[in-house]
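Take a look at the structure set out below.
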Amino acid sequence: MERPEEQWEWGYEGYEPAEERLREALCTLGNGYLATRGAAPETDAGETHYPGTYVAGCYNRLVSEVAGRQVENEDMVNLPNWLPLRFRIPDGSDASPGAPWWTPDQDGLLEYRQVLDLRQGVLNRTLLLQDPRGRRLRVEQSRLVHMGQPHLAALRTTFTAENWTGTVEVESAIDGSVTNAGVARYRALNGRHLTGHTTGAAEPDTVWLRCHTTTSDICVALAARTRLAGTGSEGPEGPDGLVEAVTEPAGPRPARRLTLAVRPGEPVTVDKTVALHTSHDLAISDPLRAALADLADAPGFPELLGSHRAAWAELWRHADLEVPGKAGHILRVHLFHVLQTLSPHTADLDVGVPARGLHGEAYRGHIFWDELFVLPYLNVHFPETSRALLSYRHRRLPEAVRAAREKGYAGAMYPWQSGSDGREETQTLHLNPRSGRWLPDHSRLQHHVGSAIAYNVWQYCQASGDTDFLHTRGAETLLRIAQFWASRAEYDRGHERYRIRGVVGPDEYHEAYPGSDRPGLDDNAYTNVTAAWVLARALELLGTVPEPRRRELCEDLGIGEEDTGRWEDVSRRLRVPFHDGVISQFEGYGDLAELDWEGYRRKYGDIRRLDRIMEAEDDTVNRYKASKQADALMLGYLFSPAELAGLFRRLGHTLDDELWHRTVDYYLRRTSHGSTLSSLVHGWILARVRRPDAWGYVQEALVSDIADIQGGTTAEGIHLGAMAGTLDLVQRGLTGLETREDALWLDPVPVPELSEFGFTMRYRHHWGVAVRMLAGELCIGLPASAEGPVRVVLPDRTVTVDPGESCRLRLAGD
Ligand code: BGC
């Protein structure tokens with residue numbers, strides 16, 4: 001049985017070189033602005049270790065040559081490493097004055113423990129090492145990336161000699177020689193994003209480094225102050241303290257070296273405090289000056305820890321989630337990483353939702369549709385963060401309009417992968433590590449990303465009641481996306497339907513028809529149904545925006561009656577293909593070959609990345625009824641059963657339980673779950689369709705990062721969509737929570753393994769709405785400070801909860 005306090009720790013006992021990169025990703029510390037992987041400060045990047053420091057939205061473009069072609073990629077830049085703090089015990093002999101610096105990879109490591117303190121946002125390490133002469137040194141280390149002051153980070157290290165007297169040499173540095181080298185698949189690509197390094201020292205115990213990105217020309221400055229704990233400046237501290245201090249500011253690795261006097265059982269503590277600024281920051285003159293000024297004001301480690309803890313306490317208050325047992329423990333880890341990537345500081349930044357967090361370099365820090373799995377969670381805890389993330393999209397509306405225009409379409413065509421300025425960042429070639437071949441990448445045809453953005457605009461406004469946003473930036477974004485869909489759809493006289501041709505759906509295994517050299521597929525059901533939904537919402541929005549704003553919007557965006565007429569028509573007559581009594585993932589899916597799933601499983605074991613396996617066999621997964629992840633079934637993730645049935649009705653089809661259940665069974669048997677999003681979506685859907693089977697998928701979604709089930713990918717960055725999605729699974733999936741029509745709608749589906757949990761949320765202007773599921777019961781409470789009553793709609797009744805009251809509702813059927 002786990003003690004409640006253990007739910008707040010995430011730890012590793014012992015040192016496992018093979019697991020180190022995974023642990024680094026999962027022990028990343030961040031504050032939404034800045035994040036640093038949980039790497040050992042004694043080591044540099046190599047096969048085992050990969051320290052990485054990233055600032056949200058700090059990108060750079062480079063050209064590389066692969067497969068005889070010049071390709072350009074934009075990457076989130078690995079910034080100079082502020083962690084380095086290495087130490088050694090001089091061996092005392094004149095013949096060999098410089099003993100090697102100690103690393104965990106060498107002999108003599110007697111104890112090693114690393115624990116993430118989730119409540120406080122601190123990574124603690126404990127090491128006991130012994131040198132060849134039997135001298136034991138205990139090292140205790142705590143680090144933080146400050147949640148309250150986003151430009152600050154700190155590292156406290158305490159050395160205790162156990163059985164000897166002598167000196168320990170410590171070197172604290174900033175490493176400016178880093179490159180982007182965290183993902184093996186990208187190694188053939190140019191990773192040198194930083195140039196123009198200059199370094200120096202500042203009184204009394206600080207070194208600094210400044211450089212800039214090669215093409216985006218973002219200036220980055222770091223300053224590091226290293227001193228003995230409790231001292232305001234350097235100076236001999238007597239026998240228990242500092243013997244000597246030297247500053248070596250030159251070169252790519254400006255450093256400060258301290259020689260410490262140690263005696264058995266008497267701890268000596270060194271504190272490193274770091275400030276980082278970039279030229280993107282607000283309210284600064286130049287980054288170096290800002291970093292030095294921050295450092296000059298930064299208090300000692302205990303005070304920094306105090307204010308950092310207070311900032312985290314505030315976050316946890318807003319994101320309170322109580323789930324018992326192992327699931328609850330993992331969910332807290334997920335929440336921790338979501339909050340470190342997208343914190344209240346995000347509200348002041350021009351950034352989107354990076355698919356792999358700020359935890360590694362996979363997908364180059366790009367922004368995909370994954371925000372679809374993230375914003376619904378944030379909407380009811382940190383609405384300002386959601387608003388900022390939607391504003392990132394709104395600022396890139398002109399770029400999306402340009403992209404649509406270049407292809408001959410109206411409205412906004414958002415990129416599948418977005419970075420600094422919102423142009424399409426999807427690579428044109430990708431490497432199959434199994435075959436070693438570089439292959440054309442057509443995933444940019446996933447235009448459904450636009451619907452995800454529109455969905456988030458709508459959801460955010462429904463949950464927050466932010467009509468100001470809805471009628472301004474929200475409306476502009478949503479209406480532009482609607483314009484795109486209306487022009488993207490072509491009328492097909494044969495079918496008497498509108499069709500959207502040449503796209504890729506969420507399932508990335510299918511990019512083209514077998515044997516065709518035209519990329520893309522026709523009438524992807526998910527794309528078409530969500531496009532219809534966007535058009536319907538756009539019409540609804542235009543019907544509710546008050547004048548004169550409505551007129552203004554129509555004038556600005558060029559929307560006339562003819563357009564809204566077409567939207568109405570397209571939203572009712574987009575084609576949804578069917579075959580064998582199920583919804584077809586796309587037109588022609590039913591004609592594809594069946595895959596020998598058992599044969600492939602027997603041959604390869606893990607077949608999650610069937611696309612790579614088959615390409616390496618000179619075959620293509622395009623030929624088969626095999627999906628990487630939920631595609632048509634995503635519809636059951638986005639829409640409640642009633643809303644989905646309504647959408648199909650609008651499109652002239654009947655979607656009853658039988659059709660939906662058959663469709664779920666059909667695709668479930670034909671999906672390899674090659675994305676962490678897949679088990680999440682299937683768990684969510686099965687909780688409604690076939691409850692006993694849901695738990696297996698929910699469990700897989702829960703462990704996808706902590707157990708690294710996609711085979712090494714977590715080490716390259718967490719899967720933020722899956723992490724936030726599991727939180728939302730508890731919050732919306734299992735409760736059926738919807739925020740619409742000025743009410744909270746609930747339709748719980750408690751899976752037996754997760755039937756008791758609770759959380760507090762913000763609904764419109766009500767903070768602290770408490771939702772608690774107990775066996776067979778649902779409890780809704782409003783704090784006394786709430787501004788008014790909340791209407792709660794369950795499938796069989798509607799109740800009103802008043803401020804200061806809580807209402808226990810027995811669930812039908814229990
Ligand atoms: C998934 C996409 C996802 C992307 C980034 C891919 O593996 O197929 O749906 O957006 O990863 O997380």
Side-chain angles (χ1 to χ4, degrees), residues 25 75-76 183 185-186 334 337-338 341-342 352-375 389 393 414-419 424-427 430-433 439 441-453 455-456 503-511 521 524 526-527 530 585 606-612 621-622 626-635 637-638 667 671-682 684 700-701 704-705 708-726:
D75 284 77
M76 177 171 80
V183 178
R185 288 184 306 291
Y186 305 162
H334 288 184
H337 286 299
V338 171
T341 311
L342 304 165
V353 175
R356 306 300 286 273
L358 299 171
H359 296 59
E361 290 158 19
Y363 293 137
R364 309 191 161 85
H366 290 172
I367 292 131
F368 297 63
W369 74 323
D370 301 45
E371 62 202 53
L372 188 57
F373 302 86
V374 179
L375 261 68
L389 295 166
R393 292 297 196 175
Y414 273 97
W416 172 238
Q417 296 187 28
S418 183
E424 180 58 79
E425 301 293 355
T426 306
Q427 57 200 346
H430 67 242
L431 177 71
N432 178 2
L439 307 157
D441 190 322
H442 301 302
S443 55
R444 65 181 57 211
L445 294 176
Q446 289 187 67
H447 299 321
H448 64 80
V449 61
S451 298
I453 295 166
Y455 180 89
N456 272 340
V503 295
V504 171
D507 161 31
E508 299 185 326
Y509 281 178
H510 292 98
E511 290 197 327
L521 305 151
N524 170 258
Y526 173 79
T527 305
T530 53
Q585 187 172 305
D606 183 348
I607 56 164
R608 283 193 176 88
R609 292 311 302 263
L610 206 47
D611 54 336
R612 292 180 177 165
V621 72
N622 272 322
S627 302
K628 178 180 178 186
Q629 65 199 93
D631 191 298
L633 300 191
M634 272 297 298
L635 293 171
Y637 178 78
L638 294 197
Y667 290 104
T671 302
S672 80
H673 308 293
S675 158
T676 53
L677 299 173
S678 195
S679 45
L680 167 72
V681 174
H682 284 100
W684 182 296
E700 176 152 329
S704 50
D705 269 328
D708 192 17
I709 60 163
Q710 298 284 342
T713 60
T714 300
E716 303 166 344
I718 55 157
H719 297 83
L720 198 68
M723 283 198 172
T726 52

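Start at 1 and go down the list; that is how both ligands and their atoms are numbered. In this chain, numbering begins with 1 at the start of the sequence shown.
- Ligand-side atoms of ligand 1 in range of W416: 10 (O), range being under 4.0 angstrom from any heavy atom.
- Under a 3.5 Å cut-off, the side chain of Q629 and the backbone N or O of G674 do not form any donor-acceptor pair.
- Here's the thing with R356: none of its N/O atoms is less than 3.5 angstrom from an N/O atom of ligand 1.
- Near A355, meaning under 4.0 Å from any of its heavy atoms, are these atoms of ligand 1: 5 (C), 12 (O).
- Comparing V449, V353, D370 against atom 3 (C) of ligand 1, the shortest heavy-atom distance belongs to D370.
- Closest protein heavy atom to atom 11 (O) of ligand 1: Y363 OH, 3.2 Å.
- There is no side-chain donor-acceptor pair under 3.5 Å between Q417 and R364.
- The aromatic rings of F373 and W369 stand perpendicular to each other, their planes meeting at an angle above 60°, with 30° marking the opposite boundary.
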Using side-chain contact (heavy atoms from CB on, under 4.5 Å), reason through D75 and E361 one step at a time and then give a plain yes or no. CA-CA 8 Å; D75 284 77; E361 290 158 19; 5.7 Å; no

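- The atoms of ligand 1 that sit less than 4.0 Å from any heavy atom of L677 are 9 (O).
- Looking only at distances, no side-chain donor or acceptor of N456 sits under 3.5 Å from a matching main-chain atom of L375.
- Here the heavy atom of the protein found nearest to atom 8 (O) of ligand 1 is Q629 OE1, 2.5 Å.
- For the pair L439 and R612, the minimum side-chain heavy-atom distance is 4.5 Å or more.
- If you check which protein heavy atom lies closest to atom 9 (O) of ligand 1, you get W369 NE1, 2.9 Å.
- In terms of protein heavy-atom proximity, atom 4 (C) of ligand 1 is closest to F368 CD2, 3.8 Å.
- Put simply, CG on L521 and CG on D631 are 9.5 Å apart, with the number rounded to the nearest 0.5 Å.
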